[in-house]
Each structure stands twice: as C-alpha cells, then as structure tokens.
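Keep in mind the model is a prediction, meaning the values are calculated, not measured.
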Amino acid sequence: QLQLVESGGGLVQPGGSLRLSCAASGGTLDPHSVGWFRQAPGKEREGVSCIRCLYDGTDYADSVKGRFTIFRDNAKDTVHLDMNSLKPEDTAIYYCAAGVGVVPGSGLSRDGYRFWGRGTQVTVSS
C-alpha cells in the first residue's frame, strides 16, 4: 500500500514562511490526486489545497488563496506546499493525502483520499 510521509513543519513567527513536503513509498504519487489538509485542536480536519484535483489543476481554500502554493517535483516524485504570510490561525497539524478516485471539483473534501500521512505540526506564534 502507498505510504505517505510529511516533513517541513515547525515553529514560525507570524508573517513567516514554511515549505511542507510529501513523499511516498510503496508506490508513486504521480498517478494520484494529492491534497493537504489541516486540523487544529478541537476543530474538524479541513482541506487546504490539492493538485490534480480540479480539471487536472489545483485548488485552494479561500483562507489560504494568495498565500499558499502547491506544486509537484516530478523528478523526486514529491508534492510540496509553500506557505507564506503565515497567521496564527494557520496553526494545525498538516496532513498529506493521496487518492485516485477524487471527484473533480471536490478535492478539498476528505472523500476520495485513501492514503494519509501521519501529519506534521505547524505552529505560528510570536
């Protein structure tokens, strides 16, 4: 089975930047839709961004549009999430997810993602 591992989380001050990375074993990410989700304490897991999920393109939650960018490194078969202008509200555990049955236009919902990483903590605080 496909196994996913996230990296790149950490502590950053408001206005700072981080790059999250998602790598796979037991298969390749290339055929999959890949999404980034986050879950803050006491809140539901929400979709942040996805790639190959909207007419073979990308999608973003309104709260991160203009600040976050998702992209693939095909040579390394990894997917990254560049996070800029970070806010305290971005504090959460961030999860990478992959699936082959993601319905176009619904890539920010959890449905369709079969494989999940264990998450990486992002803390935005001064």
Side-chain angles (χ1 to χ4, degrees):
Q1 292 184 328
L2 193 70
Q3 298 183 33
L4 307 179
V5 179
E6 304 95 337
S7 61
L11 175 64
V12 64
Q13 66 182 14
S17 301
L18 285 174
R19 173 176 286 183
L20 303 184
S21 300
C22 179
S25 62
T28 61
L29 284 180
D30 178 74
H32 297 83
S33 300
V34 177
W36 285 98
F37 295 77
R38 66 186 182 187
Q39 187 167 21
K43 296 185 178 180
E44 296 291 326
R45 190 171 300 186
E46 63 176 349
V48 176
S49 183
C50 61
I51 190 167
R52 195 177 176 176
C53 61
L54 182 62
Y55 303 107
D56 205 38
T58 60
D59 201 7
Y60 298 90
D62 289 340
S63 60
V64 307
K65 286 181 179 177
R67 299 190 297 122
F68 291 10
T69 302
I70 188 171
F71 63 98
R72 290 181 185 268
D73 184 336
N74 292 321
K76 297 181 179 179
D77 194 35
T78 58
V79 173
H80 306 276
L81 183 69
D82 276 354
M83 305 185 296
N84 303 303
S85 301
L86 284 163
K87 306 174 182 179
E89 303 92 279
D90 296 317
T91 295
I93 300 176
Y94 283 71
Y95 299 89
C96 178
V100 296
V102 176
V103 176
S106 62
L108 298 182
S109 68
R110 298 173 64 182
D111 297 339
Y113 292 100
R114 178 179 178 182
F115 307 104
W116 293 81
R118 296 187 65 185
T120 183
Q121 178 70 48
V122 172
T123 302
V124 184
S125 176
S126 60

Which atom names give the shortest non-hydrogen contact between [X] and [Y], and what distance separates them?
X      : Y      : value
Gly99  : Tyr113 : N-CD2, 3.9 Å
Ser126 : Pro14  : N-CD, 3.7 Å
Asn84  : Ser17  : OD1-OG, 2.9 Å
Leu54  : Gly105 : CD1-CA, 3.7 Å
Trp36  : Cys22  : CZ2-CB, 3.7 Å
Leu29  : Ala24  : CG-CB, 3.7 Å

Can you tell if the side chain of [X] reaches within under 4.5 Å of the side chain of [Y], non-hydrogen atoms only?
X      : Y      : answer
Asp90  : Arg38  : yes
Leu108 : Cys50  : yes
Cys96  : Val79  : no
Val122 : Leu20  : yes
Ser21  : Thr78  : no
Ile70  : Val48  : no
Ser7   : Thr120 : no
Leu86  : Phe68  : yes

Parallel, tilted or perpendicular: ring planes of Phe115 versus His32, cut at 30 and 60 degrees: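 Plane angle over 60°, so perpendicular.
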Plane angle bin for Trp116 and Tyr95 - parallel if under 30°, tilted between 30 and 60°, otherwise perpendicular: perpendicular
Interatomic distance, Gln1 atom CD to Ser25 atom OG [nearest 0.5 angstrom]: 11.0 Å
Spacing of CG belonging to Leu18 relative to NE2 belonging to His80, to within rounding of 0.5 Å: 14.0 Å
Salt-bridge contact Arg118-Glu6 (side-chain N to carboxylate O under 4.0 Å): no
Say whether [X] and [Y] are linked into one hydrophobic cluster, either directly or through other cluster members, by side-chain heavy-atom distances under 4.5 angstrom.
X     : Y     : result
Ile93 : Leu4  : no
Ile51 : Leu2  : yes
Tyr60 : Tyr94 : yes

N/O donor-acceptor pair under 3.5 Å between [X] side chain and [Y] backbone:
X     : Y      : result
Thr91 : Val124 : yes
Asp77 : Asp30  : yes
Ser33 : Arg52  : yes

Residue pair Arg72, Val34: steps toward the side chain to side chain contact (heavy atoms under 4.5 Å, CB included) verdict: CA-CA 10 Å; Arg72 290 181 185 268; Val34 177; 4.0 Å; yes
Derivation of the side chain to side chain contact (heavy atoms under 4.5 Å, CB included) call for Asp111 and Ser106: CA-CA 8 Å; Asp111 297 339; Ser106 62; over 6 Å; no
